[in-house]
There are 2 protein chains.
Amino acid sequence: MELIEDCIGRIAPPDGRAMEDARKRQDQLTKPRGSLGVLEELSVKLAGITGRLDPPLEEKVIFTMAGDHGVALEGVSAYPREVTPQMVLNFLNGGAGINVLARHVGAEVEVVDMGVDFEFEPGLGVIDKKVARGTRNMTEGPAMTREQAARAVEAGIEVVEERLGRGLELAGTGDMGIGNTTPSAAIAAAMTGAGVEEVTGRGTGIDDAAFRRKVAVIEKALEVNRPDPSDPLDVLAKVGGFEIGGIAGAILGCAANRIPVVIDGFISGAAALIATGLAPQAKDYIIPAHCSVEAGHRLVLEHMGLRPLLDLDMRLGEGTGAALGMGIVEAAVKVLNEMATFEEAGVTDRE
Amino acid sequence: MELIEDCIGRIAPPDGRAMEDARKRQDQLTKPRGSLGVLEELSVKLAGITGRLDPPLEEKVIFTMAGDHGVALEGVSAYPREVTPQMVLNFLNGGAGINVLARHVGAEVEVVDMGVDFEFEPGLGVIDKKVARGTRNMTEGPAMTREQAARAVEAGIEVVEERLGRGLELAGTGDMGIGNTTPSAAIAAAMTGAGVEEVTGRGTGIDDAAFRRKVAVIEKALEVNRPDPSDPLDVLAKVGGFEIGGIAGAILGCAANRIPVVIDGFISGAAALIATGLAPQAKDYIIPAHCSVEAGHRLVLEHMGLRPLLDLDMRLGEGTGAALGMGIVEAAVKVLNEMATFEEAGVTDRE
C-alpha cells in the first residue's frame, strides 16, 4: 500500500502555464480559432501533462495486461478460458490486432502477465507480475483478497516505472482476459451507481440467454460481496480482476510521472474508475481513446467527465483503440508545433 | 461534357468477389468476429474498390482545390477574400494544417487552383486549372455558366488522371476558398431538399448577425437561380463554386479508376452530392473522413448513406479531416493483411 500512497502523493496538477501558452499559440496558427476542435484541446491537455508545448512522443508503449477470471466458469463468455494464454502468445508473436495497430502508429507492446492461469516459459518476453493464477469466482465471494488487489495496482505502477528508464513518452493501456467484461461491468455498476443492465454488454459476442445469465451473475456478485464504492480497492478486490488492477496502477504510475496515458475500451475504463476513485487528480493525465460498442462504456467515461476521441464500433480490447488514439494524439501535438502562424505565413487574420 | 460522360461510364460496381474474400478472412482472424467494427467494414470496402485484399496504399495524395466566390462580397465570411491566395501560398510552403496532417500520415498534398482571384507565379507548384478568377455573386444570377461548371468537373477528373502515372493509391479531397461554406450550404439545400437554416453553419466563425445574413443570402441565391436538383451540373453552375466542381470531378475520376477517395468535410460533402448526383455508383468509392462541426454536414452524409469515420469537432477544411481518415483506412487494410488467423496462431475459436 505504501507504493500506491506514495504514487498518488506524487500526482501533481497539470501545468497551467504551459496550457495557457499552448492555447495562445493555437490562436496564432493559420486557421480559424478552434477550427481543429479536439486536436487543439488535446494539444493543450498534452502541454498541461508534460509541461511543454512540444513533448517528444517517439517512445510510445502500450501496456497490454492479461489475467484470468474465476467468474468465466459461469458461462459469461463466448470463448473458453484457454484463449487468454493463447492470445498472450499471439501478442508475443506479433500476430494479434494490437500488434498490427501498434506497429501502425509506431508503438511497442509490453505484455504483462497479471494473473493468467498458465505458466509462461521464461524468455518469451512476458513481463511477469502474476498475482495469482486467475481470480476466484466472484459469485461465491471476493474475486481476490484486499492484499492481492493492492498488489495488482502496485504491479501496474511498477511496470510503468520500470519502463521509464528505457523510454516512455506516451503510454497506452490494453487488456486480455476471457470473461473480463463481467468484472468490468460489476465495477462500473458499483462505482457509478448505474443499474447492472445499463452497464452489461455482449463482450466477445454472447447470445441472449448468455446475456441474461451474465446480468444475473453480476447482480449476484454485487449482492454477495457488497463492494464499497467509497473504497475503490474494496471494489477491485471483491468484483475486479488482476489485469484491471494492473491497468489502474499503470494509470496512476503515468499520472505520477507526467506521462500522458491513452486508455482503451471498457476494461480500461473500469480500471480508470478505480484509478480516479483512488486519485481523482489522475483524470487530467487520461486520454480516452474510443467509445467501445460495449454497453456502459460511454456511461463510465461520462462519469469521469472524459470524452472519447474515436467511435469506430470496436470491442476487441488488447489496447487496439488506444493504438489508434495515439495516432490522433501525435497529430494534435504536431499541429501545435509544425503549423505556421499568421505572421510567419503572411496570412491576414480575421477582421 | 464528353470527358465527364466517359468518366461516369467507366465507373464499375465494386468487386463483390474480393469483398466476400475479405469478409471471410476477417472472420478467420484472431479476434471475435466483428470486434474491429468499422475497421473490418473499411477493409471490405477497400477490397471492393481495388479488387484486392492487400491494396498498396503507399502513394497517398490529398487534392486541395482552391477557388474564390463572388458571394464573399456579401459579408458571409469572417475572413477577407485575400486569404484564399495567401493560404494557397501557405500550402506550398508547408505551413498549413493540411501540410502537417498530410505529413503525419505520409500523404502528399497537390494544390489545385480551380478559380482563385489571383495570378500565381509559374514554378510555385500550383496545378493550374483555373476556370475563372472567382465565381460571380450568386445572389444576382448564376455563380458560373453551365460550360464553366462542366469545365470545373472535367478539371477535377484531369487532376486525378494526370496523377495516376506518378502514383496514386489512396486519394483525399480538400478545399480552400473564403466564403465557400455558403455555396456548399446552397448545394446541400438544393440537392437534399433540406431547409436553408438546417444546412447553414458558422463557417470560419461568424457572429449571429452574419449568420442571419448568410441564411438570407443563400435563400436569395436559391430563389434567384432556382437550381434543378435532378440536374447536378445546373446546381453547381447556379449556386456552386469552382473548387467544389473540381472536387466532384476528382471523386468521379477516382471512382472510374478504382481509387478509394477519402473526402473531407462540408465542402467535400457538397461536392460529393454533385458527384453522386451525376453518378450514383460513385458512392461505393467514397470514404467520408469525418463529421464536421458545420451544420448540415451530417445531413449531407446521411442523404448519401455514408457514415463518417471521425467526429473531432473539426471545421478547417483543406483536407485536414481526410488526412486523419487516411490513417484509419491504412490501419484497416493492415488489420486484414497482417493479423494471424486462429489456425496460424493456434488460438481456439469460439465454441
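Basis for what follows: all heavy atoms, side chains included, without hydrogens, waters or symmetry-related copies. It should be emphasised that the depicted structure is a prediction, and the values quoted were computed from it without experimental measurement. Here is the naming used below: chain letters follow the sequence lines, and residue numbers restart at 1 for every chain.
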Checklist entry - Is a donor on one side and an acceptor on the other found under 3.5 Å between the side chain of B:Arg103 and the backbone of B:Gly94? => result yes
Next on the checklist: Tell me which of these, B:Glu82, B:Glu41, B:Glu318, has more heavy-atom pairs under 4.5 Å with chain A than the rest.
Outcome noted: B:Glu82
Item to check | Toward chain B, the part of A:Glu330 with a non-hydrogen atom under 4.5 Å | outcome: both
Checklist entry - Do you know which of A:Arg307, A:Glu344, A:Arg33 has the most heavy-atom pairs under 4.5 Å to chain B? => result A:Arg307
Item to check | Validation row: B:Ile287, B:Ile328 side chains within 4.5 angstrom (heavy atoms) | outcome: no
Next on the checklist: Counting only non-hydrogen atoms closer than 4.5 Å, does A:Leu312 touch chain B with its backbone (N, CA, C, O), its side chain (CB onward), both, or neither?
Outcome noted: both
Next on the checklist: What I want to check is whether the side chains of B:Lys31 and A:Thr320 have a donor and an acceptor closer together than 3.5 Å.
Outcome noted: no
Item to check | Most chain B-contacting option - heavy-atom pairs closer than 4.5 Å, from A:Leu39, A:Leu29, A:Asn337, A:Leu310 | outcome: A:Leu39
Next on the checklist: Please classify the contact of A:Val293 with chain B as side chain, backbone, both or neither, using a heavy-atom distance under 4.5 Å.
Outcome noted: neither
Item to check | pair A:Ile98-A:Phe91: side-chain heavy atoms closer than 4.5 Å | outcome: yes
Item to check | Which portion of B:Asn99 sits near chain A, non-hydrogen atoms under 4.5 angstrom | outcome: neither
Checklist entry - Most heavy-atom pairs under 4.5 angstrom with chain B, which of A:Thr204, A:Thr348, A:Asn93, A:Leu89? => result A:Thr348
Checklist entry - Between A:Glu74 and A:His69, does any side-chain donor sit less than 3.5 Å from a side-chain acceptor? => result no
Item to check | Options A:Ala331, A:Ala345, A:Gly203, ranked by heavy-atom pairs under 4.5 Å with chain B, top entry | outcome: A:Ala331
Checklist entry - Does A:Lys60 reach the main-chain N or O of A:Ala323 with its side chain, forming a donor-acceptor pair under 3.5 Å? => result no
Checklist entry - Which region of A:Leu101, side chain (C-beta onward) or backbone (N, CA, C, O), has a non-hydrogen atom less than 4.5 Å from a non-hydrogen atom of chain B, or is it both or neither? => result side chain
